[in-house]
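So the structure is just underneath, and the comments pick up after that.
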Amino acid sequence: MFGATLVGLSYNMFLLPSKLAAGGISGVSTLLFEVFQWNPALVQISINLPLFIIGLLILGKDFSAKTLVGTVFVPFTIWLTQGMDLHIMDAMLGAIYGGIVLGVGLGIVYRGGGSTGGTAMIAQLLKKYTGSSSGFSQLLVDGIVVTASAFIFNLELALFAMISIYVTSKVIDFVQLQTSPTKLVLIITEKEEMIQRIIREEIDRGLTKVKSLGGYTNKERTMILCVVEQSEAVYLKKVLQEQEPTSFVIFLNASEILGRGFSKEKVFGGEIEAEQRQN
């Protein structure tokens with residue numbers, strides 16, 4: 001309900017005033033409002049109801065029950081707030097902030113296993129049968145609506161709508177993945193004891209060691225994997241450059257971490273040893 005409400009607000013606050021048909025049934029209702037002055041809330045509910053029946057048959061009762069909530073709450077929010085006017089007519093502002101609010105709303109809905117109906121449901125069908133992310137599926141489906149907007153409005157507004165869709169797709173994936181500022185550090189070294197000491201004593205993190213073979217030198221080395229927070233990554237980089245500059249180090253973004261020190265309470269070195277003795 002909260003996610004669907006954000007979707008409706010993004011439409012009335014940013015997308016409709018800026019004349020951005022940023023995909024989906026909301027984009028279709030924007031085009032029909034421009035051409036025929038049809039009420040966007042009524043257009044969306046009338047199109048979404050048949051699609052809801054399709055969702056009931058294909059995606060199952062649980063999904064469609066949640067889709068029904070989204071199908072009702074989005075046009076209801078649009079109808080309830082249709083008098084809201086923030087005087088935001090700039091297409092770039094509408095594209096960016098409309099895309100952000102829309103992406104947060106859809107991301108929350110998707111994380112709850114539901115949909116706001118319309119082409120959002122079609123995007124979920126694509127995700128189900130193709131394995132692509134929700135954001136990419138939404139981007140693909142919405143492209144058709146944007147193409148139509150280039151003819152009804154103009155090419156410039158269609159390009160701004162594409163910016164909004166891109167922002168929305170990235171925010172959807174961000175919300176769904178709960179992207180955190182953590183880093184996966186890969187260290188390939190011949191001095192594993194030194195690196196292990198640095199990680200344990202300097203930042204007090206766990207690590208995993210994997211034996212590896214150099215493709216060029218054919219020498220055996222150790223690859224150390226370690227997950228750290230953003231601030232710890234900066235400090236670790238500085239220490240490695242000072243104490244062991246010959247190691248090959250890679251810092252990767254880690255989207256979601258499950259385990260001690262991240263999703264669970266951190267256990268420090270002394271506590272680990274005491275826990276091992278108890279076991």
F33 and L42: same hydrophobic cluster, using ILVMFWY side-chain contacts below 4.5 Å? no
Joint hydrophobic cluster, V7 plus I96, side-chain heavy atoms closer than 4.5 Å: yes
Can you establish whether the number of heavy atoms outside F251 located under 6.0 Å from its atom CZ is more than 12? yes
How long is the span from the CD atom in Q196 to the NZ atom in K209, to the nearest 0.5 Å? 4.0 Å
For E192, which of R197, R200, K211 qualifies under salt bridge (charged side-chain N to carboxylate O under 4.0 Å, His left out)? K211
Are side-chain heavy atoms of T168 and S164 found at a separation under 4.5 Å? yes
Within one Ile-Leu-Val-Met-Phe-Trp-Tyr cluster: I152 and I144, side-chain cutoff 4.5 Å: no
Is it true that, when you exclude Y97 itself, more than 12 heavy atoms of the residues, nucleotides or ligands shown sit nearer than 6.0 Å to its OH? no
For the student: nearest non-hydrogen atoms of T5 and M1, plus distance: OG1-O, 2.7 Å
Taking the inter-plane angle between the rings of F73 and F76 on a 0 to 90° scale, is it parallel (under 30°), tilted (30 to 60°) or perpendicular (over 60°)? perpendicular
Out of curiosity, R221 CZ to N218 CG, how far, rounded to the nearest 0.5 Å? 11.5 Å
Which pair of non-hydrogen atoms, one from T189 and one from S247, has the smallest distance, and what is that distance? OG1-OG, 3.0 Å
State, yes or no, whether a side-chain contact exists between V228 and C226 at a heavy-atom distance under 4.5 Å. yes
When rounded to the nearest 0.5 angstrom, what distance separates OG1 in T246 from CD1 in I188? 12.0 Å
Yes or no on side chain to side chain contact (heavy atoms under 4.5 Å, CB included) for L15 and T30, after CA distance, side-chain angles and deciding distance? CA-CA 8 Å; L15 301 179; T30 300; 5.6 Å; no
Quick one: are V28 and V145 in side-chain contact, heavy atoms under 4.5 Å? yes
Closest non-hydrogen atom pair, Y235 against E202: OH-OE1, 2.7 Å
CG on L225 to CG on L252, rounded to 0.5 Å: 9.5 Å
Check whether any side-chain heavy atom of V175 sits under 4.5 Å from a side-chain heavy atom of R111, and report yes or no. yes
Does one hydrophobic cluster hold both L80 and M84, with members joined at side-chain heavy-atom distances below 4.5 Å? no
I'd like to check W79 versus I45 (side-chain heavy atoms, cut-off strictly below 4.5 Å). Are they in contact? no
Using a 4.5 Å cut-off on heavy atoms from C-beta on, say whether the side chain of L236 contacts that of E232. no
Here the gap from F14 atom CZ to L93 atom CG, rounded to the nearest 0.5 Å, amounts to 8.5 Å
Ignoring hydrogens and angles, state whether a donor on the side chain of T77 or Y11 is under 3.5 Å from an acceptor on the partner side chain. no
Roughly how far apart are F52 CZ and L49 CG, rounded to 0.5 Å? 8.5 Å
At their closest point, which heavy atom of A233 faces which heavy atom of K183, and how far apart are they? CB-CG, 3.8 Å
Apply the side chain to side chain contact (heavy atoms under 4.5 Å, CB included) test between S29 and each candidate in I47, N39, V43, I78; give the one that qualifies. V43
Among L102, I108, V104, which residue satisfies the side chain to side chain contact (heavy atoms under 4.5 Å, CB included) criterion with L106? L102
For the student: nearest non-hydrogen atoms of S18 and A91, plus distance: CB-CA, 4.2 Å
Between L31 and F153, is there a side-chain heavy-atom distance shorter than 4.5 Å? yes
For S10 against V101, the heavy-atom pair lying closest together: CB-CG1, 3.7 Å
Does I195 form a side chain to side chain contact (heavy atoms under 4.5 Å, CB included) with L240? I'd like the steps, not just the answer. CA-CA 8 Å; I195 301 299; L240 290 175; 3.6 Å; yes
Quick one: do I187 and L207 satisfy side chain to side chain contact (heavy atoms under 4.5 Å, CB included)? Show the steps, please. CA-CA 10 Å; I187 306 170; L207 56 91; over 6 Å; no
Are more than 12 heavy atoms from other residues, nucleotides or ligands located less than 6.0 Å from atom CD of Q37? yes
Cluster check L16, I163: I/L/V/M/F/W/Y, side chain < 4.5 angstrom: yes
